[in-house]
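Notes follow the structure.
Since this is a predicted model, take the numbers as computed values, not measurements. Each ligand, and each atom within it, is numbered from 1 in the order the structure gives.
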Amino acid sequence: MATAQQILQSYFGYDSFRPGQAELVHAVLAGRDTLGIMPTGAGKSLCYQVPALLFDGLTIVISPLISLMKDQVGALHEAGVPAACLHSAMPPAEMYAVLREAEHGGCKLLYVAPERLTAPAFLDFARRVPIAMVTVDEAHCISQWGQDFRPSYLKIADFLAALPVRPRLSAFTATATEAVRADIVQALALRDPFVLTTGFDRPNLYFSVERPSSKAQALLRLLAARAGQSGIIYCSTRRTVEEVCDMLLAKGITATRYHAGLSPEERRRNQEDFLYDRTPVMVATNAFGMGIDKSNVSFVIHYNMPKNMESYYQEAGRAGRDGAAADCILLYSGQDVHTAEFLIERSHEAGEENTDPALQQALLDRDRERLRRMTHYATTTECLRHTILRYFGEDSPLSCGHCGNCDTVFEEIDATVDAQKVLSCVYRLSKRGLHFGRVIVAAVLTGSKSEKITQFRLDTLSTYGIMAEMTLARVRLLIDALLERGLLQSDPDRYHALFLTAAGNALMRGHGELRLRLPREKKAASRTAHGLADTVDEVLFDRLRTLRARLASRAGVPPYVVFSNATLADMAARQPKNRMELLAVRGVGEAKAHRYGEDFLEEIAAYQRENAPFSGKSTK
Ligand code: ADP
Ligand code: MG
């Protein structure tokens, strides 16, 4: 009999399990109920797919979304695994054909939508065939505490109770707080489960935060450096999605959009264009993502700061699922905090009628606290990875050496005089009965000639232009720092106009000093345009990508189902010459080597011929 290791190698093409996978696979094989909590992209699917291939009977996988199921089944077929799915969008005849096939052993994994479970025809089937395991994917959907509660998940318990023999159970999720985890164990009635939580660190992700004075310009610059790569741009509102997408299209960048205001038909089409790499860039609200398993997303840019770290890490985590290097960039501005506050308040007003006021207030406070922590991430000068992991309760080194902050040289400066300039500007304005937000205050200080300035005759203030040697961005950074230190306050009911606090007043009048840690300069990025390690031949990598696109469209599957970016990168680095060498590439299993091997080997050989060093012999 094959071992788990052999299955991993021969079907999936990987030499080793990732952290947590081996433990979970062994617990499942030992017959225990298991619960695996691993971050997005950690590789939860293999934890039940590998055992399923070792069991005699059938494994039923419950999954919340049709798109997720189809994706998984497509990927399994590519790996040579007999698998199928059942969902409500299928015609009955097709459903019966799938059940018949499964009954005769022609299927190792059957993916089922939760609402199918209690349909009489399915129950009949499930009572007849030997079921080795029932797996619940995205198991947090069963918890009423979670954000993604799905009532149909509650049917799982009824289904299990109706089976003649209780199969072993396994459940997987990326998001489980203590309460959600307890809910899962209880609602599925897991028996003495083996529970494993792996770390939340994603070493291949590079986190950075930028505070550009123009987000649009910053975005265009970031995209120019990533031409041809696939990525997601998250915005906090539908309107911003529309604006950003239109701007990109106007600049000739192939992009598409996704938000809840579009028709289901357009959402489906845009999503597919993105999945199939027809449109590399997706601009979307947070409505986009649940159930997107696209593994070759090379960057996730947040055009606005999300409401909390949970959302941020989940959305950013959609980058680099295949393990290849990927970037997670947050474009932050102070305005994002106000937008997030507004969204939080609006969502609470909407829920007000049916909850008791004390609970309502507690939830509002919780969300505000979460926003505060998110804002801390966006403005901290500490290691970003450390900040994230600490938020999720995990220990990690104080500096990761691989994030925007670790790559930025910060210096502690005496900012007393600069702060006094800013504070006196706010003070002078208030003497004239004027109160403005940070944008205008920074414009006055740097001596801008904008319309607002002349309209309010702000150029006649004594503080006009006293910081002309600084960039606008730097002055805004300074204002943010003064807000954070409580030297200034902004009034949310007056368009976030700035006011001096008592502490600010004191500093302005020469009492005390202010030291700040501010960025000095950015180190040059050390990665290539594709984000590849320098052992990878980029030209070959591009050729392999083109070949992959061709093969994928012939097979009618998304490109990343053929091979992931990480696999192509490894292939371009190793440049295999034969089948054996090809099988050594990370992510190449036997089925795929058989199906695509020749094409890729030929492409590599052709590339090597064309680029062979000049050998002295004439080739004419
Ligand atoms: P999750 O469900 O945890 O979000 P997936 O199961 O979809 O993650 O796996 C994410 C990616 O990781 C997939 O592209 C998968 O092929 C890859 N992967 C999983 N296990 C391994 C492994 N042991 N070695 C290398 N890549 C792996
Ligand atoms: Mg998954």
Within the 4.5 Å heavy-atom criterion, are Asp327 and Ser298 side-chain neighbours or not?
no

Evaluation steps, salt bridge (Lys or Arg N to Asp or Glu O under 4.0 Å), between Arg385 and Asp201:
CA-CA 8 Å; Arg385 192 180 309 277; Asp201 188 19; 3.1 Å; yes

Tyr303 ring center near Tyr234 ring center (under 6.0 Å):
no

So which protein residues pack against ligand 1 under 4.0 Å, heavy atoms counted?
Tyr14, Ser16, Phe17, Arg18, Gln21, Pro39, Thr40, Gly41, Ala42, Gly43, Lys44, Ser45, Leu46, Ser295, Arg321

Between Phe274 and Lys294, is there a cation-pi geometry (under 6.0 Å to ring centre, at most 45° from the normal)?
yes

N-O pairing of Glu272 and Arg269 below 4.0 Å
no

Got a salt bridge between Arg545 and Asp542, using NZ or NE/NH1/NH2 to carboxylate O under 4.0 Å?
yes

